Structure formats: structure tokens, C-alpha cells
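Here the structure is a predicted model, which means the values were calculated and not measured.
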Amino acid sequence: MADTKREIERKYEGAAAEGGTELPDLSGVPGVAGVVDKGVAELDATYYDTPDQRLAAASLTLRRRTGGADAGWHLKLPVSEGVRDEIQAPLSDTVPRALSGLVRSRVRDAELVPLVRLRSARDIRHLVDGSGALLAEVSLDRVRAERLGGGKGTAAWTEIEVELADDGDPAFLDKVEKKLRKAGLSRSASSSKLAKALGETGKRAKKPAPEKEPVTAGDHVLAYLRAQYDAMVELDPAVRRDVHDSVHSMRVATRRMRSTFRSYGKILDRAVTDPIGDELKWLAGELGVDRDQEVLTERLTEALGRLPRTLLSGPVRTRLRTWAHARHGGSRRRLIAVLDGKRYMALLTALDALVADPPLLKAAAGDPAKVIAKAVRKDFGKVADLVVQALDRPPGAGRDQAMHDARKKAKRTRYAAEAAAPALGGPAAGLVKSMKSLQTLLGDHQDSVMTRGALRELSALAHAAGESSFTYGVLYGREEQRAATAEAALPEAWEAIEGQMSV
């Protein structure tokens with residue numbers, strides 16, 4: 001079983017640390033009532049990575065550590081500067097499956113091998129407030145590093161580490177830093193002990209080169225495409241951990257990539273991108289099983305919360321929780337199996353190859369103001385045709401489907417405009433905003449269609465169990481009204497959007 005901890009820390013080095021002297025006196029830091037000596041802990045950590053250091057290149061660290069209060073396996077995932085999520089698992093001889101799965105999108109089929117061993121003597125102090133509550137842990141770490149793979153170097157250094165207590169105020173670290181700087185210390189140039197060890201004991205993984213400023217139409221499209229691919233890979237561990245909104249965000253990244261292939265077929269060869277787009281559609285569908293269930297559950301829960309007690313008949317809330325839990329659990333298991341499967345790994349490999357060697361066509365070298373703008377206008381024209389079709393249809397299943405089709409096309413046009421915004425500026429940004437508002441209106445209508453389907457299912461389950469189905473009928477009627485409101489608002493909303501179109 002793996003546990004997660006949010007780690008907020010800063011590392012320092014300088015004259016005081018280099019000499020191996022004692023920690024500066026921190027009793028004068030505002031808010032600190034006492035400095036508690038916790039003694040010296042002997043830590044022994046072995047860091048694992050692929051031979052070509054894929055984890056290090058992505059600022060991920062995976063280690064097996066003995067000694068100290070948290071011996072075990074630790075996987076650290078970057079959140080922001082100085083902030084990481086540490087996933088912990090019990091000690092074992094091999095990498096726990098709970099952690100190896102979280103790095104599979106980076107590691108793929110490569111083997112995880114011991115790369116660096118760090119042995120540290122950690123002299124620990126606790127900074128506490130007037131009630132004795134922990135504010136931060138400060139330690140003086142005397143580190144010895146030994147390269148195990150990709151070199152045979154050794155290194156030794158001393159650093160000071162300040163880790164904020166759980167749920168502490170990050171502003172407190174600024175107060176500690178002010179005191180440390182007065183003592184001659186400065187922020188460490190390395191983001192982690194592993195990064196420093198790799199730099200001082202042998203060859204270190206190269207970070208991806210910074211993206212060049214986009215110039216051509218192809219440059220702009222590829223910059224957008226690469227950003228979505230990076231987001232998809234980075235979200236993989238969060239999806240596996242069931243982090244809130246991660247499934248939705250990953251699904252959006254896959255859709256943005258697929259939409260880019262389709263919208264910019266004059267820039268990227270669709271003979272190459274279409275098969276990858278098909279696989280992205282498959283993945284989005286698998287991600288959607290869980291996401292659609294989340295949306296339905298949230299919508300129904302909120303709708304129940306708005307109903308007066310007089311309209312609640314039978315164990316409606318219990319029925320909804322049971323239904324949602326059963327469907328969520330099944331979809332979660334299926335989704336993890338998908339992410340562990342060969343088809344998903346093959347998709348990642350194909351995307352790697354595409355962004356490394358993109359199938360650019362002649363138009364890719366063209367002026368983005370012409371090439372990209374033309375593609376966006378073409379997508380907008382398709383949205384316009386679908387909206388007109390929806391408005392021309394009478395209420396019912398036909399209009400529902402037409403509005404759903406228009407929503408999907410509005411989403412694609414929005415993504416095309418997002419890719420175009422850095423090149424086209426305000427007009428493209430305005431179109432993004434317009435398509436987002438249209439997507440929201442049409443999305444609420446589609447959510448109503450889906451919710452009514454769920455209510456029919458819940459009503460049937462309740463009826464079969466001998467429960468009242470009255471409340472489901474009330475909710476169904478309200479969803480019908482929400483759909484009718486969206487349909488009534490569409491003509492005016494579309495008229496306003498057409499008037500703003502200037503790309």
C-alpha cells in the first residue's frame with residue numbers, strides 16, 4: 001500500500017555548510033518558540049532509474065532508503081519549484097508495483113536499475129511554536145555519493161535542508177531563509193541531492209532543449225502539439241492515483257492532439273497522423289468512461305441537494321451512492337488496465353517518434369498568419385453549418401444529436417484557435433473564448449441528455465427493488481427544462497458569436 005505526502009522544502013549551501021559547521025541558531029526566527037535537537041540519523045538511499053536516466057530527465061526520483069523515521073521506497077513527483085508529492089511504500093527487495101506503475105509512462109519497457117547510492121548523516125532540529133507544534137524540520141546533511149551505473153565517481157558535500165511541517169504556511173520558510181542568508185548560506189544550485197550527485201559523479205541526463213521561438217506555421221502547430229503530449233505523459237501518474245480532475249485533464253490533452261492533427265492536415269501529413277489520431281480517440285474513450293461517470297454523479301448529487309425534502313421519496317441518496325460507486329470502481333479497474341497495456345505503451349512510443357521527427361508538409365514552412373488562419377476559418381465554417389442544422393430541427397432526438405455534433409466541432413475549433421493564438425493574437429484568443437462559451441451551452445444540453453438516461457436507469461433499479469421512483473421523475477422533468485433553456489438560448493448566442501468572428 002502506498003501513501004502520499006506533500007513535501008515543501010528548500011536546500012541551502014555555502015560557507016557555513018561547506019565547513020561542516022553546526023546549524024545556525026534559528027531560535028530568533030519569528031514564530032519559533034523553541035529549537036528541539038532530534039539527534040543524528042544515518043540514512044542509506046539507493047536511487048533507481050533507467051540506464052539513460054529517463055526519470056532524472058523528468059525531475060522524478062525513485063529511491064529505496066533505510067534509516068530514519070520513514071524508511072522504505074519513495075517516489076517523488078514534481079509539483080512546482082520546491083514542492084513535490086512523495087509516494088511512499090514499505091521496504092522490499094524490488095521496486096513495488098504501486099510505484100513502478102506510476103513511472104511506466106516514462107520508463108516504458110526499460111529496466112529500472114540502481115544508479116546512485118547516497119549515505120547521509122542527518123543532524124536534525126525541529127522548529128516548534130509556543131504550543132510545541134512542529135513548524136519545520138531543519139537538518140544539516142553530510143552526504144557521500146557513489147555512482148553505481150553510468151560511471152564510477154564519488155562525491156561528498158554538506159547541505160542544509162528545511163522542510164515545512166504538514167499543512168504549514170509556506171511563508172514561514174521565507175522567515176527561516178532570511179536567517180540562513182544572514183549566516184552566509186544561499187539556495188542550493190541543485191534541485192535535489194540526486195541531481196547534485198549525478199552532476200558530480202558522472203554523466204547526467206540531459207534536460208530537453210528549450211523550445212525555439214515559433215516562426216513558421218509548422219513551428220506554432222508543433223509547439224502546441226508538444227505541450228499537449230507533455231501534459232498527457234505528466235498526468236499519467238495522477239490518473240493512476242485518482243487525483244481529482246486528472247482524468248478529465250488527460251482526456252482533454254488527447255483530444256487537443258487529435259484535433260490538431262485534423263485541423264492542421266495541411267501542415268502535418270495525415271497519412272502519418274490519422275492512425276495515431278485513431279489511437280488517441282480510443283484512449284479518450286477509455287478515459288471518458290470514468291470522466292462521464294464523474295460528471296453524471298456530480299450533476300445528480302447537486303440536483304438532489306437543491307430539492308426540498310418534500311420531493312425526496314425513498315432512499316434516493318443511498319441508491320445514487322451505490323450506483324455511482326459500482327460504476328466508478330469498475331471503470332477505475334478498467335482504466336488502470338488500459339494504462340498498463342501494450343496498446344497504450346505503443347501509442348506513447350508513436351507520439352515520441354512523431355514529435356521527434358514530425359511529418360511536415362510544404363505548408364508548414366508558410367506564414368502562420370495565412371496558413372493557420374485559413375485552417376481556423378475552415379473549422380469555424382463547419383461549426384456554423386452544424387449549428388444551423390441544429391436550429392432547423394424540431395425538438396427531440398434529432399436536435400439532441402445535432403447539438404451534440406455542433407458541440408464536438410466547437411471544441412475542435414476552440415483547440416485549433418488555441419494553437420493559433422500565439423501567432424494570430426487577439427482574434428484567435430477571442431475565438432477561443434467564443435467557442436468555449438458555445439461549448440459550455442451545448443455541453444450543458446448534452447449533459448442533460450446523458451443525465452436523463454442515468455435517471456431512467458436509476459428509476460428502473462429503484463422500481464425493481466420496490467422503492468419509489470417519484471424523485472427520479474421530478475429530476476427528469478427538471479433536466480428536460482434545462483435542455484429546453486439551452487435550446488432557447490442557442491439562436492441569440494450564435495448570432496453574437498457570428499458577429500465577433502474576425503479570424
Side-chain angles (χ1 to χ4, degrees), residues 2-11 43 45-65 70 72-89 92 94-118 143 145 147-151 161 163 188-210 226-227 229-243 246 249-250 253 336 339-340 344-345 348-349 351-352 355:
D3 297 317
T4 302
K5 176 186 176 184
R6 176 61 55 88
E7 178 184 87
I8 303 176
E9 65 179 22
R10 298 178 185 178
K11 299 179 185 297
L43 309 177
T46 299
Y47 288 77
Y48 286 70
D49 204 338
T50 61
D52 56 355
Q53 299 178 34
R54 298 178 192 178
L55 299 185
S59 299
L60 306 178
T61 62
L62 173 63
R63 74 185 180 201
R64 181 187 187 275
R65 190 169 78 181
D70 62 347
W73 285 90
H74 307 145
L75 171 64
K76 299 192 179 188
L77 307 171
V79 176
S80 59
E81 184 178 0
V83 182
R84 295 186 291 183
D85 278 343
E86 182 177 277
I87 320 298
Q88 303 174 344
S92 61
T94 58
V95 180
R97 291 185 63 182
L99 301 188
S100 62
L102 296 177
V103 298
R104 188 161 288 123
S105 64
R106 303 285 186 182
V107 174
R108 312 288 170 79
D109 294 328
E111 183 183 6
L112 287 167
V113 297
L115 190 65
V116 170
R117 184 182 184 187
L118 297 182
V143 186
R147 191 63 168 259
L148 303 177
E161 182 175 292
E163 182 174 346
S188 174
S190 299
S191 59
S192 67
K193 287 182 176 65
L194 176 61
K196 187 175 182 69
L198 290 173
E200 295 195 7
T201 63
K203 186 177 179 182
R204 183 179 176 181
K206 290 184 178 180
K207 296 286 185 180
R226 289 189 179 109
Y229 177 50
D230 289 344
M232 175 180 154
V233 175
E234 289 168 7
L235 283 163
D236 179 289
V239 171
R240 293 173 185 270
R241 293 163 54 206
D242 203 14
V243 174
S246 59
S249 297
M250 188 174 183
I336 297 303
L339 297 182
D340 284 340
Y344 173 63
M345 291 294 122
L348 293 180
T349 300
L351 286 166
D352 275 341
V355 298

Exercise. Salt-bridge test for R240 and D236: reply yes if a basic N is under 4.0 Å from a carboxylate O, no otherwise.
Key: yes
Practice problem: May I ask you to test the K76-L194 pair for a side-chain heavy-atom distance under 4.5 Å? | Solution: no
Self-check item: Nearest heavy-atom neighbours spanning L339 and Y344
Solution: O-CD2, 3.1 Å
Quiz item: In a check of salt bridge (charged side-chain N to carboxylate O under 4.0 Å, His left out) between D70 and each of R65, R64, K5, which one passes?
Solution: R65
Self-check item: Close side-chain approach of L62 to W73, heavy-atom, < 4.5 Å
Solution: yes
Quiz item: Below 4.5 Å, heavy atoms only, C-beta onward: do L55 and T50 meet side chain to side chain?
Solution: no
Quiz item: Is the shortest distance from a Lys or Arg side-chain nitrogen in K11 or E9 to a carboxylate oxygen in the other one below 4.0 Å?
Solution: yes
Under 3.5 Å, sequence neighbours excluded: what are the donor-acceptor pairs made by side chains of residues 106-118?
unit_1: R108; atom_1: NE; unit_2: S105; atom_2: O; d: 2.7
unit_1: R108; atom_1: NH1; unit_2: D352; atom_2: OD2; d: 2.7
unit_1: R108; atom_1: NH2; unit_2: S105; atom_2: O; d: 3.2
unit_1: R108; atom_1: NH2; unit_2: Y229; atom_2: OH; d: 3.2
unit_1: R108; atom_1: NH2; unit_2: D352; atom_2: OD2; d: 3.2
unit_1: R117; atom_1: NE; unit_2: D44; atom_2: OD1; d: 2.9
unit_1: R117; atom_1: NE; unit_2: D44; atom_2: OD2; d: 3.4
unit_1: R117; atom_1: NH2; unit_2: D44; atom_2: OD2; d: 2.5

Quiz item: Do you know the tightest heavy-atom contact between P78 and S59?
Solution: CD-O, 3.4 Å
Exercise. Could you tell me whether a side-chain N or O of T349 sits under 3.5 Å from a main-chain N or O of M345, the two making a donor and an acceptor?
Key: yes
Quiz item: For the atom pair CG (L102) and CG (L77), what is the distance rounded to the nearest 0.5 Å?
Solution: 6.5 Å
Self-check item: Heavy-atom closest contact (R54 atom, D49 atom, distance)
Solution: N-OD1, 3.3 Å
Exercise. Would you mind reporting whether P237 and V103 have side-chain heavy atoms less than 4.5 Å apart?
Key: no
Quiz item: Does E200 have any side-chain contact (heavy atoms from CB on, under 4.5 Å) partners at least two apart in sequence or in another chain, and if so, which?
Solution: A155, W157, K196
Practice problem: Locate the shortest heavy-atom distance separating A197 from T201; write the atom from each residue and the value. | Solution: O-OG1, 2.7 Å
Practice problem: Verify, without hydrogens or angle tests, whether S192 (side chain) and A195 (backbone) share a donor-acceptor contact under 3.5 angstrom. | Solution: yes
Exercise. Nearest 0.5 Å please: distance from the CD atom of E7 over to the CZ atom of R84.
Key: 5.0 Å
Quiz item: Heavy-atom distance under 4.5 Å between the side chains of L198 and R147, does that happen here?
Solution: yes
Quiz item: What distance separates L75 CG from Q88 CD, expressed to the nearest 0.5 Å?
Solution: 10.5 Å
Quiz item: Counting distance only, does the side-chain N/O of R6 pair as donor-acceptor with the main-chain N or O of V79 below 3.5 Å?
Solution: no
